[in-house]
Amino acid sequence: MPQTPEQLVADLVLLLDMEPRGADRFQGRRARGQSGRVFGGQVIAQALAAAEQTVCEDRSAHSLQCYFLRGGDSRAPIDYQVLRDFDGRSISNRRVTALQGGEVILNLTASFHSNDDGFSHQQVPMPQVTPPEALEEDFLRRRRLAKDGLEFIPVVLKPGPIDWRSVELEDRFASADCAAIKHSWFRAKARLPDDPRVHRAALAYASDMLLLDTATIPHPVSLGEPSMMAATINHSVWFHAPFRADEWLLFRSESPWAGGARGFIRGSIFTRDGRLVALDR
């Protein structure tokens, strides 16, 4: 029987619950029912969750930068080694190495900051788009389109813990006049624990799902085509303000450039009430 939304989200929470292995070493569980290459968002989220375990709870992650070096195997757990590079009066910095079979698959650096008072402004308005209640969940729509012969990566045709609802319809035969911009609502399909660290890790997990797809919008191709091979090389997230990943967030992604078999994609993440809570690229 298919898993319920509550079961899917419980699996995600378990995936983000790092198992201590001593001396700032942790192990991340494998995702249930997955095979082949591990999902990059999982590795980012687990690396962040491992780093969070070594930082005082009064310091929140405000940024992370990572590089993918090798594809991971989703059939095996991943080991994470955390290095405590710096603990200052208000800033902490951690380096995390993710390994499988003794080989590095990802390097991540994360910075943490105490919640100090200071100036604030937001000069980026939230886009005015169709609300999520008026949209169909992406994986349901993709399943229907796949029956018409359109190509999709198999993983996006399966239900997952994140409810994604894209505003723009996907046109795999778009002309070059289409702008590489996409708006998508997302949230966990069931309530998450109240721990803010879980919500940051859940956002990091989700943030890797739509970036590559955005770069293909101006081109009549699909990431699911046999001739296409796509992978994230590096990824960064900035956390600006508190949020809940089980409440609707709007992800605006755009790709201002692609060339030389590489693409650059950046994203802005807003709460339902218009607060810019994270940036992504």
Side-chain angles (χ1 to χ4, degrees), residues 3 5-19 26-34 36-53 60-68 71-72 74 77-78 80 96 98 105-108 110 137-139 153 155-156 158-166 184-214 231-232 234-239 242-251 253 265 267-269 271 277-281:
Q3 289 183 282
E6 291 76 16
Q7 290 171 330
L8 290 167
V9 172
D11 284 349
L12 174 62
V13 173
L14 186 62
L15 200 67
L16 303 177
D17 183 19
M18 307 302 291
E19 297 183 282
F26 302 86
Q27 188 171 89
R29 297 174 175 86
R30 61 181 297 268
R32 185 199 299 265
Q34 297 295 321
R37 191 171 67 184
V38 68
F39 169 51
Q42 172 189 326
V43 189
I44 296 172
Q46 288 184 331
L48 175 61
E52 295 259 24
Q53 293 295 314
S60 301
H62 72 85
S63 66
L64 66 85
Q65 291 81 38
C66 62
Y67 279 88
F68 291 93
S74 63
I78 304 172
Y80 297 87
V96 186
I105 64 172
L106 172 134
N107 286 322
L108 177 143
E137 187 176 349
D138 281 4
F139 99 91
I153 302 173
V155 69
V156 304
K158 298 179 181 179
I162 308 297
D163 185 342
W164 283 97
R165 303 191 182 191
S166 296
S184 301
W185 293 98
F186 72 99
R187 68 176 178 183
K189 291 184 175 179
R191 187 174 178 84
L192 293 166
D194 290 335
D195 187 344
R197 295 175 296 183
V198 174
H199 292 261
R200 289 191 290 269
L203 186 146
Y205 174 90
S207 69
D208 197 45
M209 287 185 173
L210 290 185
L211 290 179
L212 289 175
D213 188 62
T214 304
T232 303
N234 65 294
H235 193 118
S236 302
V237 182
W238 291 264
F239 301 100
F243 60 89
R244 290 193 65 94
D246 52 10
E247 296 178 353
W248 286 118
L249 298 168
L250 178 65
F251 189 7
S253 57
I265 307 103
S268 303
I269 299 175
T271 57
V277 294
L279 291 172
D280 181 53
R281 72 178 185 193

Counterpart residues, salt bridge (Lys or Arg N to Asp or Glu O under 4.0 Å), relative to [X] (two or more places apart):
{"X": "Asp280", "answer": "none"}
{"X": "Asp208", "answer": "none"}
{"X": "Arg30", "answer": "none"}
{"X": "Asp195", "answer": "Arg197"}

Indicate yes or no for a side-chain donor-acceptor contact from [X] to the backbone of [Y] under 3.5 Å, with no hydrogens or angles considered.
{"X": "Arg191", "Y": "Asp246", "answer": "no"}
{"X": "Lys189", "Y": "Val9", "answer": "no"}
{"X": "His199", "Y": "Arg244", "answer": "no"}
{"X": "Gln46", "Y": "Leu15", "answer": "yes"}

So do the side chains of Gln42 and Tyr205 get within less than 4.5 Å of each other, counting heavy atoms only?
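In contact.
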Would you mind reporting whether Asp163 and Trp185 have side-chain heavy atoms less than 4.5 Å apart?
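Counting from C-beta outward, Trp185 and Asp163 never come under 4.5 Å.
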Interatomic spacing from [atom1] in [X] to [atom2] in [Y] - rounded to 0.5 Å:
{"X": "Met18", "Y": "Leu48", "atom1": "CE", "atom2": "CG", "value": "10.0 Å"}
{"X": "Asp11", "Y": "Arg29", "atom1": "CG", "atom2": "CZ", "value": "11.0 Å"}
{"X": "Ile162", "Y": "Glu137", "atom1": "CD1", "atom2": "CD", "value": "10.5 Å"}
{"X": "Cys66", "Y": "Asn107", "atom1": "SG", "atom2": "CG", "value": "9.0 Å"}
{"X": "Leu14", "Y": "Gln7", "atom1": "CG", "atom2": "CD", "value": "13.0 Å"}
{"X": "Thr232", "Y": "Leu212", "atom1": "OG1", "atom2": "CG", "value": "4.0 Å"}

Only counting residues at least two apart or in another chain, list the ones meeting side-chain contact (heavy atoms from CB on, under 4.5 Å) with Ser74.
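For Ser74, the residues satisfying side-chain contact (heavy atoms from CB on, under 4.5 Å) (neighbours in sequence not counted) are Gln34, Val38.
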With sequence neighbours left out, write down each residue that passes side-chain contact (heavy atoms from CB on, under 4.5 Å) with Ala98, or none if nothing qualifies.
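Partners of Ala98 by the side-chain contact (heavy atoms from CB on, under 4.5 Å) criterion, ordered by chain and then number, come out as Val43, Ile78, Tyr80, Ile105, Leu106.
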For [X] against [Y], the heavy-atom pair lying closest together:
{"X": "Ala190", "Y": "Glu6", "result": "CB-CA, 3.9 Å"}
{"X": "Leu279", "Y": "Ser268", "result": "CD2-OG, 3.4 Å"}
{"X": "Leu64", "Y": "Ile44", "result": "CD1-CG2, 4.0 Å"}
{"X": "Leu8", "Y": "Gly160", "result": "CD1-O, 3.4 Å"}
{"X": "Val277", "Y": "Pro242", "result": "CG1-O, 3.8 Å"}
{"X": "Ser253", "Y": "Leu211", "result": "CB-CD2, 4.4 Å"}

Please assess Thr214 against Phe251 for the test side chain to side chain contact (heavy atoms under 4.5 Å, CB included), listing each intermediate value before the final yes or no.
CA-CA 11 Å; Thr214 304; Phe251 189 7; over 6 Å; no
Taking Phe186 as the fixed residue, which of Phe243, Phe139, Trp164 is the one that meets the ring pair (Phe, Tyr, Trp, His ring centres under 6.0 Å) rule?
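Only one of Phe243, Phe139, Trp164 forms a ring pair (Phe, Tyr, Trp, His ring centres under 6.0 Å) with Phe186, namely Trp164.
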